[in-house]
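Here the structure is a predicted model, which means the values were calculated and not measured. Remember, it's 1-based here, ligands and their atoms both numbered in the order they're listed. Count residues from 1 along the sequence.
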Amino acid sequence: MLIDGKNYESIWVDENDQGIIRVIDQQKLPFFFEIKELCSVDDVYTAIGDMTVRGAPLIGAAAAFGIYLATRELTPHSSIHNHLSNAAGYLKSCRPTAVNLSWAVDLMLQNLTGIGDPEQLTETALKSALEICRTEKEKCRLIGEYGLQIISEVAEKKRGEPVNILTHCNAGWLACIDYGTATAPVYLAREKGIPQHIWVDETRPKNQGARLTAWELGNQGVPYTLITDNSGGHLMQKGMVDLVFVGCDRATRKGDIANKIGTYLKALSAVDNNIPFYALMPSSSIDFSLYEGLSEIIVEEREQDEVTSVTGYSDGVIKSVRICPDDARAGNWGFDVTPARLITGLITEKGICRADEESIMELFSDKFK
Ligand code: MRU
């Protein structure tokens, strides 16, 4: 997407400098726009863990490049198989919830199977990682096309009044190489001149909504209002929300979804107020091996200090300040599970389906063979 008139993706390999992976440092946005280089498997592991890169599809893409970097770290004495499977295990252990991580790593290993020549291995790994980026980006574009139909239908009923969409966390282009999932239809609607306005949940504790979604929407000229995480229910009761669009880190084959903590509460409010609640995701975020989200999806637990302090910008620097007593204990679950029964539909690159096993099977029949 465009930043100051220049087109960016959230991860790329510089053509003149083959081999170095570059990412936008999402820890620093929106205060500083900095590009970080990832030169080793360790760099990728650290960048995913500290959320320099975050968001399910981007985590997958970064891990794919991690496997590529692993092929460059082979020593003359190492067994290719052992070396790559160690790197794969290490990268997969970074964050537990987004299935895109293991999906991308496994796909990379599959594409590298049987290659014994180190040079060919590295060349194939780079091509495969770039192909993962290309296809993930295309999936997001298609999600945008399908989601646009939903926005257009609401816009028609509203006869020129803006369509109010509530979103949680950042399921934007920063999280997805390009376009985003929840934001892809919004960007297409903007291109079509459909009036819309986005309610952006701040998304404590890491403030992905306040820092990243607000920054993205502002750059693309989409009107938005930042709200505290607890405001959504009130706005829905007052008729100020027409649609809820959220991303997804892992969906099960019956349509339960894990997404950023707080998503479940938005779904409950949406159902209570008869507001359509859609989860938007590429198929790489669907874990077809799981059925019951609540019991089977591992929810990441992060450090307490993300909750006991708030990070912001003042006097030219990014600072953290403590917001509770010194001895306060905090719980920091990164995600929650929204059961399928609360979800109006899943918007994927293959189309829109109900959040139930039958509809998901119909759309993704190739995955159920
Ligand atoms: O902890 P994060 O910032 O990686 O969480 C991201 C989300 O919850 C997104 O909504 C999800 O990954 C979908 S991104 C298209």
Asks: Does NZ or CZ of Lys28 lie under 6.0 Å from the centre of the six-membered ring of Phe33, at an angle within 45° of the ring axis?
Replies: no

Asks: Mind checking what makes side chain to side chain donor-acceptor pair (under 3.5 Å) contact with Glu357, not counting sequence neighbours?
Replies: Arg253

Asks: Ile347 and side chain to side chain contact (heavy atoms under 4.5 Å, CB included): which partner among Leu142, Leu148, Ile143?
Replies: Ile143

Asks: Asn230 and Thr228: side-chain donor and acceptor closer than 3.5 Å?
Replies: no

Asks: Taking side chain to side chain donor-acceptor pair (under 3.5 Å) as the test, write out the residues that go with Gln196, two or more places apart.
Replies: none

Asks: Between the protein and ligand 1, which nitrogen or oxygen pairs come in under 3.5 Å, and how far apart is each?
Replies:
| residue | atom | partner | partner atom | Å |
| --- | --- | --- | --- | --- |
| ligand 1 | 1 (O) | Arg95 | NH2 | 2.8 |
| ligand 1 | 1 (O) | Lys260 | NZ | 2.7 |
| ligand 1 | 3 (O) | Arg54 | NE | 2.9 |
| ligand 1 | 3 (O) | Arg54 | NH2 | 3.1 |
| ligand 1 | 3 (O) | Gln208 | NE2 | 2.8 |
| ligand 1 | 4 (O) | Gly55 | N | 3.0 |
| ligand 1 | 4 (O) | Arg95 | NH1 | 2.9 |
| ligand 1 | 8 (O) | Asp249 | OD1 | 3.0 |
| ligand 1 | 8 (O) | Asn259 | OD1 | 3.2 |
| ligand 1 | 8 (O) | Lys260 | N | 3.3 |
| ligand 1 | 10 (O) | Asn259 | OD1 | 2.6 |
| ligand 1 | 12 (O) | Ala56 | N | 2.9 |
| ligand 1 | 12 (O) | Asp249 | OD1 | 3.0 |
| ligand 1 | 12 (O) | Asp249 | OD2 | 3.1 |

Asks: According to ring pair (Phe, Tyr, Trp, His ring centres under 6.0 Å), who are the partners of His234, at least two apart in sequence or on a separate chain?
Replies: none

